[in-house]
Amino acid sequence: MAELLRSLQDSQLVARFQRRCGLYPAREDKKHVVKNYFYYYLFRFSAALGQEVFYITFLPFTHWNIDPYLSRRLVMIWVLVMYIGQVAKDILKWPRPSSPPVVKLEKRVVAEYGMPSTHAMAATAISFTLLISTMDRYQYPFALGLTMAVVFSTLVCLSRLYTGMHTVLDVLGGVLITAVLITLTYPAWTLIDSLDSASPLFPVCVIVVPFFLCYNYPVSDYYSPTRADTTTIVAAGAGVALGFWINHFFQLVSKPTPPLPVIQSIPPLTTDMLVLGLTKFMVGIVLIVLVRQLVQKLSLQVLFSWFRVVTRNKEARRRLEIEVPYKFVTYTSVGVCATTFVPMLHRFLGLL
């Protein structure tokens with residue numbers, strides 16, 4: 001068993017996979033040599049499906065155009081698996097594959113540890129939570145949904161090997177942890193769905209607990225973007241939960257329909273639906289970007305003034321007492337904006 005684990009953690013295994021897909025180390029002045037552009041673009045695109053840009057577009061689009069019930073559940077599970085995965089990285093401190101022999105195509109997260117692969121965790125969590133949450137809510141062939149979930153998560157997992165960011169064991173560990181978390185939390189999903197009808201103390205809990213978890217994030221031996229990324233994800237989840245509570249408590253929007261026994265047919269996609277959906281999405285994204293920029297600027301100014309730090313000091317942004325509060329306030333505001341103010345704007349503009 002130990003020998004098997006060592007082989008799965010071996011960087012040479014990742015390097016052989018890259019060579020089979022036509023990706024080779026640098027030669028002369030080139031960073032790397034690509035001999036099979038089909039695999040190159042396939043796995044680069046698949047890697048993007050597990051990155052922040054996908055989730056900050058897919059999850060709001062789901063909320064505004066498909067089903068708020070689904071988006072809330074997806075966000076909650078996504079936040080859970082990502083927090084556990086990020087914390088596990090900084091506790092285990094397993095290194096990423098060594099280069100050479102592995103070719104590394106991504107630079108931003110190279111300072112992070114490897115085990116488990118949070119890309120694999122997020123992709124598995126999103127695809128299978130979506131499958132489980134829709135199979136009793138919408139009419140579609142289950143085999144098709146299962147195939148799409150498997151293909152999506154598999155492509156993201158393989159992309160982490162192709163880009164040289166994880167070993168096979170990192171990826172398998174991420175998938176296994178997610179499977180365990182989904183299995184353990186599934187009985188409580190209905191309870192999670194009803195949290196927005198909780199007591200007036202709910203907003204306090206949904207802010208204080210996530211902030212405490214972010215502020216007491218495991219200390220790393222050196223700076224990496226892990227703590228900042230984790231705070232961003234957790235804060236966005238807290239904002240979404242708070243936004244749903246605001247909607248319900250102040251009766252700003254109708255409460256999402258319970259999952260059972262409602263069975264809905266998926267309507268055919270028409271040109272009018274597509275135009276309306278894209279319009280709602282663009283309006284929502286513009287408002288979110290404006291809120292993000294405004295709140296981030298104001299929170300940084302307040303924190304810099306409070307701690308007497310020179311403005312625009314990039315190193316100061318990395319300090320615990322500045323990085324966590326400004327990230328948390330910014331992305332909590334983004335979450336509230338996406339779930340409360342964007343739908344209100346849609347209604348005002350006649351898009352609902």
Side-chain angles (χ1 to χ4, degrees), residues 48-80 82-83 108 122 125-126 129-130 195-196 203 206-207 210-211 214 225 227-250 252-254 256 273-303 317 323-352:
L49 295 178
Q51 293 174 352
E52 180 185 3
V53 65
F54 172 75
Y55 296 110
I56 63 176
T57 53
F58 172 74
L59 294 174
F61 186 89
T62 302
H63 180 84
W64 299 329
N65 292 293
I66 301 177
D67 193 338
Y69 156 78
L70 290 178
S71 70
R72 174 176 54 185
R73 182 172 285 186
L74 289 172
V75 168
M76 294 301 106
I77 300 302
W78 174 59
V79 169
L80 173 66
M82 287 298 291
Y83 182 81
R108 179 181 177 275
I126 289 291
T129 300
L130 185 62
L195 285 178
D196 59 7
V206 85
I207 294 298
F211 183 80
C214 294
R227 184 181 65 199
D229 292 344
T230 305
T231 304
T232 297
I233 294 168
V234 173
V240 167
L242 181 59
F244 271 99
W245 180 88
I246 292 173
N247 293 340
H248 176 70
F249 192 80
F250 294 100
L252 299 180
V253 296
S254 58
M273 287 178 58
L274 181 60
V275 171
L276 178 61
L278 291 177
T279 303
K280 291 166 67 176
F281 177 73
M282 294 305 299
V283 168
I285 288 297
V286 169
L287 183 58
I288 282 179
V289 170
L290 291 176
V291 168
R292 176 188 176 276
Q293 293 300 110
L294 176 63
V295 175
Q296 177 175 285
K297 184 176 181 179
L298 289 176
S299 59
L300 280 174
Q301 286 181 346
V302 170
L303 289 167
R317 285 194 182 194
E323 182 177 64
V324 171
Y326 102 79
K327 287 279 187 181
F328 194 87
V329 170
T330 299
Y331 286 95
T332 299
S333 302
V334 167
V336 172
C337 178
T339 52
T340 299
F341 296 111
V342 171
M344 292 173 64
L345 180 59
H346 287 163
R347 185 177 296 104
F348 177 78
L349 296 175
L351 298 175
L352 291 180

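If you're wondering where the values come from, they're calculated on a predicted model, not measured in any experiment.
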Closest non-hydrogen atom pair between [X] and [Y], with its separation:
X: Ala338; Y: His63; value: O-CD2, 3.8 Å
X: Gly237; Y: Val75; value: CA-CG1, 3.9 Å
X: Val206; Y: Ala241; value: CG2-CB, 3.5 Å
X: Phe211; Y: Pro325; value: CE1-CA, 4.0 Å
X: Glu323; Y: Ala228; value: OE2-CB, 3.4 Å

Hey, does [Y] have a side-chain heavy atom less than 4.5 Å from the side chain of [X]?
X: Arg292; Y: Cys337; value: no
X: Leu276; Y: Lys280; value: yes
X: Asn65; Y: Met273; value: no
X: Tyr83; Y: Pro210; value: no
X: Val334; Y: Thr232; value: no
X: Tyr331; Y: Thr231; value: no
X: Ile126; Y: Phe58; value: yes
X: Phe328; Y: Ile207; value: yes

query: Hey, does the side chain of Asn247 reach the backbone of Thr339 with a donor-acceptor pair shorter than 3.5 angstrom?
result: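 Yes, because the side chain of Asn247 sits within donor-acceptor range (under 3.5 Å) of the backbone of Thr339.
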
- prompt: Ignoring hydrogens and geometry, is there a side-chain-to-backbone donor-acceptor pair from Thr340 to Gly243 under 3.5 Å?
  reply: yes

List the residues meeting side chain to side chain donor-acceptor pair (under 3.5 Å) with [X], not counting sequence neighbours, and say none if there are none.
X: Ser333; value: none
X: Tyr326; value: none
X: Gln296; value: none

- prompt: Do the rings of Phe281 and Trp64 sit parallel, tilted or perpendicular, given the 30° and 60° boundaries?
  reply: tilted

Taking atom [atom1] of [X] and atom [atom2] of [Y], what is their separation to the nearest 0.5 Å?
X: Ile233; Y: Leu80; atom1: CD1; atom2: CG; result: 12.0 Å
X: Leu290; Y: Ile285; atom1: CG; atom2: CD1; result: 11.0 Å
X: Thr62; Y: Leu130; atom1: OG1; atom2: CG; result: 7.0 Å

task: Assess whether atom CZ of Phe341 is packed by more than 12 heavy atoms of other residues, nucleotides or ligands within 6.0 Å.
output: no

